[in-house]
Amino acid sequence: MSAPITTEHKRRLEAQGVGAPKKFPVLAITHDSLKPEGAFAEAQAVYLNPVQELVKELDALLTEKKIGICAHFYMGPELQGVLSSCKWPHIFVADSLAMADAAIEMAKAGVEAVVVLGVDFMSENVRAQMDFLGCEHVPVYRVRTEEIGCSLAESADQPAYGKYLLQAANQANSLHVVYINTGLLTKAKAHAVVPTITCTSSNVVKLVLQAYSQIPDLHVWFGPDTYMGGNLVAMFTALSTMDDAVIKQVHPAHDQSSMKKVLETFHAFQEGTCIVHHMFGEGVAKKIRKEYPDAYVTAHLEVPGEMFAVALEAQHAGRGVVGATSNILSFITEKAQQMIAAGKPATAQFILGTEAGMITPIVRKVQAMLAENHAKGGPEVQIDIVFPVASEAIAESEDADLKIVPGVAAGEGCSAGGGCATCPYMKMNSLEALVKLCRDIGTKEPEELAKLQPRKYTELVRGRAAAEVGGESIMHMRHYFREKELSEELIKDVQTRHTTSKPPASLPWVRNEGLDW
């Protein structure tokens, strides 16, 4: 007699496409309603219409105490639902880089404190960039005293990543391109070993190609995200087979010949993943191909190769996008606008290949567009957001009015074994904790509030403050943003570091320099 199938076993089978639910959960967006299908979508929809008493209380606290809020797109729907209903102008929900930019603008506009809703490296990044740009006087807070980690960021703190960077340091003309979703100390240690520039998922392709166009015989070492690195290789490989004219649309300095050289010297770390994007694997990709052939497909650059391939094919056909969270949001809103402009009733499905927290900004922007269209007498347009997750990717709640919430039970996180599309680390930022912090600001002693500030890196990295060294890699990226090319300072560092300073030989050497992995 065969053994009974456990819930975990069932989830693993579903992830492989075996015994999977007939349809993924869907949230249909119209001009005046949200229509969920499936428990996961129902749980998302409930929070998008928040209790107005909570909205009014938070709005009043933020206004009275002049508190700015910088939140990541991946915050839970309960928190985002309330934030997006507040009238206080200094609330900004975006990706990790834009959060820091927004915090700086808020500080210049007169806010007296900034609260960062995200994982720890995001609050560290905000604090570091505010310090660099003259906003040291404005305190930055997290909402939890506990560490809010990140599986991807932590993978860059492992010995394997240290060894990877040692290999880079012993290769002439090496540039380490580090994903922004890493800690400030990680960036500092890396930059001390090999010249480093930070990247985002939205700029990494053009940044890498620009670096190759400016530095002869360059070696690029990308990390720590393994899936993104593999997807970049796949993208560069595809480009190398295209006509030169097509390649030059991506970057004017490249052609087939140069792209083949890029592939010879582009390195990607093999041991770093995000636990959320990890779950968009082969089973999900097969299901999308088979059951959603007409849907638009969106995918974050961090998803596994199978899902990346589906989205990249869709992108080439004009029916998808691969990129950052901001790229996904822009793609969906642009397609919605095209449907409105077509002047006839229509419905379209969009596969949401990233963390489910993205649904809040999508709903807010799309529904505003549809409402405006309806008010002008335009045709009915409906946007269906498809969550490529197991339908039971929810947890029971003790709340008498809300029996289920997005996410898995017991806080075990998400996995390719059938989990969810929500990040357990991001969800440590709760509405309750935010409201409590806002009440405490200005009333509690500074010593108490100091426990909620981002970690202050007092360590010295090769004789310099860790925050200063780590911040340099971010400043190099900021220069690229402004000028669309690498700085002369970084180019010189890449070309001379190998000859002007003795390359580290081993991890013990790194430890002796205060750069322990």
Side-chain angles (χ1 to χ4, degrees), residues 50 53-76 78-148 180 183-184 357 360-361 425-458 467 470-471 474:
E53 286 76 10
L54 286 173
V55 175
K56 290 178 181 178
E57 180 183 5
L58 182 60
D59 222 357
L61 286 168
L62 297 176
T63 303
E64 175 192 350
K65 301 186 178 184
K66 297 182 180 179
I67 301 170
I69 302 289
C70 294
H72 194 270
F73 279 133
Y74 292 173
M75 289 300 99
E78 179 185 26
L79 187 50
Q80 286 205 54
V82 171
L83 289 176
S84 62
S85 299
C86 288
K87 295 179 180 179
W88 175 240
H90 299 298
I91 296 175
F92 191 75
V93 182
D95 57 24
S96 51
L97 179 66
M99 287 167 65
D101 293 337
I104 292 165
E105 292 304 314
M106 290 177 191
K108 292 178 179 178
V111 301
E112 296 179 2
V114 172
V115 176
V116 175
L117 300 172
V119 294
D120 284 345
F121 71 75
M122 295 177 181
S123 57
E124 294 171 6
N125 182 45
V126 168
R127 177 71 279 166
Q129 295 198 53
M130 288 178 69
D131 290 348
F132 270 110
L133 296 173
C135 301
E136 306 96 326
H137 60 288
V138 178
V140 173
Y141 297 107
R142 305 154 64 248
V143 297
R144 300 287 288 264
T145 56
E146 303 96 327
E147 180 181 347
I148 306 177
I180 193 170
L184 190 61
T360 307
Y425 299 114
M426 290 286 192
K427 301 311 180 285
M428 289 175 70
N429 296 270
S430 68
L431 178 60
E432 180 183 14
L434 173 61
V435 172
K436 182 181 184 303
L437 172 60
C438 290
R439 289 172 181 160
D440 290 346
I441 290 175
T443 60
K444 285 287 183 77
E445 292 297 322
E447 293 76 13
E448 283 295 307
L449 292 174
K451 298 176 183 177
L452 293 167
Q453 292 180 348
R455 176 181 171 184
K456 294 180 180 178
Y457 291 103
T458 58
I474 300 173

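Starting from 1, each residue takes its place in the sequence as its number.
Residue Ile474 holds its CD1 atom at 5.5 Å from CG of Leu184, rounded to the nearest 0.5 Å. To the nearest 0.5 Å, atoms CD1 (Ile69) and CG (Leu437) are separated by 7.5 Å. Put simply, NE2 on His72 and OG on Ser123 are 12.5 Å apart, with the number rounded to the nearest 0.5 Å. A distance of 15.0 Å separates NZ of Lys451 from CZ of Arg144, quoted to the nearest 0.5 Å. Thr63 OG1 to His90 NE2: the interatomic distance, rounded to the nearest 0.5 Å, is 9.5 Å. Once rounded to the nearest 0.5 Å, the distance linking CZ of Arg455 with CD of Glu147 reads 8.5 Å.
Side-chain contact between Leu117 and Gln80 is absent, with no heavy atoms from C-beta onward closer than 4.5 Å. Under the 4.5 Å side-chain criterion, counting only non-hydrogen atoms from C-beta, Ile67 is not in contact with Val111. For the pair Arg127 and Asp131, the minimum side-chain heavy-atom distance is below 4.5 Å. Annotation: side chain of Cys70 is in contact with side chain of Val114 (closest heavy-atom distance under 4.5 Å).
The two atoms that bring Val55 and Pro50 nearest to each other are CG2-CG, 3.9 Å, heavy atoms only. Between Val138 and Met130, the shortest heavy-atom distance links the atoms CB-CE, 3.8 Å. The two residues Leu58 and Cys86 have their closest heavy-atom pair at CD2-SG, 4.1 Å. Of all heavy-atom pairs spanning Pro139 and Gln453, the tightest one is CB-NE2, 4.2 Å. What you find for Ala113 and Tyr141 is that their closest heavy atoms are CB-CE1, 4.0 Å. In plain terms, the two heavy atoms of Leu449 and Gly442 that are nearest each other are CD1-N, 4.4 Å.
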Check the pair Leu434 / Leu83 against side chain to side chain contact (heavy atoms under 4.5 Å, CB included), numbers first and verdict last. CA-CA 11 Å; Leu434 173 61; Leu83 289 176; 4.1 Å; yes
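At distances below 3.5 Å, at least one donor-acceptor pair connects side-chain atoms of Lys65 with backbone N or O atoms of Ile441. Between the Lys66 side chain and the Gly110 main chain, no donor and acceptor come within less than 3.5 Å of each other.
The pair Arg142-Asp120 meets the salt-bridge criterion, with a side-chain N (NZ, NE, NH1 or NH2) lying under 4.0 Å from an Asp/Glu carboxylate O.
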Which donor-acceptor pairs under 3.5 Å do side chains of residues 100-108 form with protein atoms, sequence neighbours excluded?
residue, atom, partner, partner atom, Å
Asp101, OD1, Arg478, NH1, 3.0
Asp101, OD1, Arg478, NH2, 2.3

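Among residues two or more places apart in sequence or in another chain, the side chain to side chain donor-acceptor pair (under 3.5 Å) test is passed with Asp59 by none.
Test Thr360, Ile91, Val93 against Ser84 for side-chain contact (heavy atoms from CB on, under 4.5 Å) and you get one pass: Thr360.
Within the structure, side chain to side chain donor-acceptor pair (under 3.5 Å) contacts touching residues 428-440 (residues at least two apart or in different chains) are Glu57-Arg439, Lys436-Asp440.
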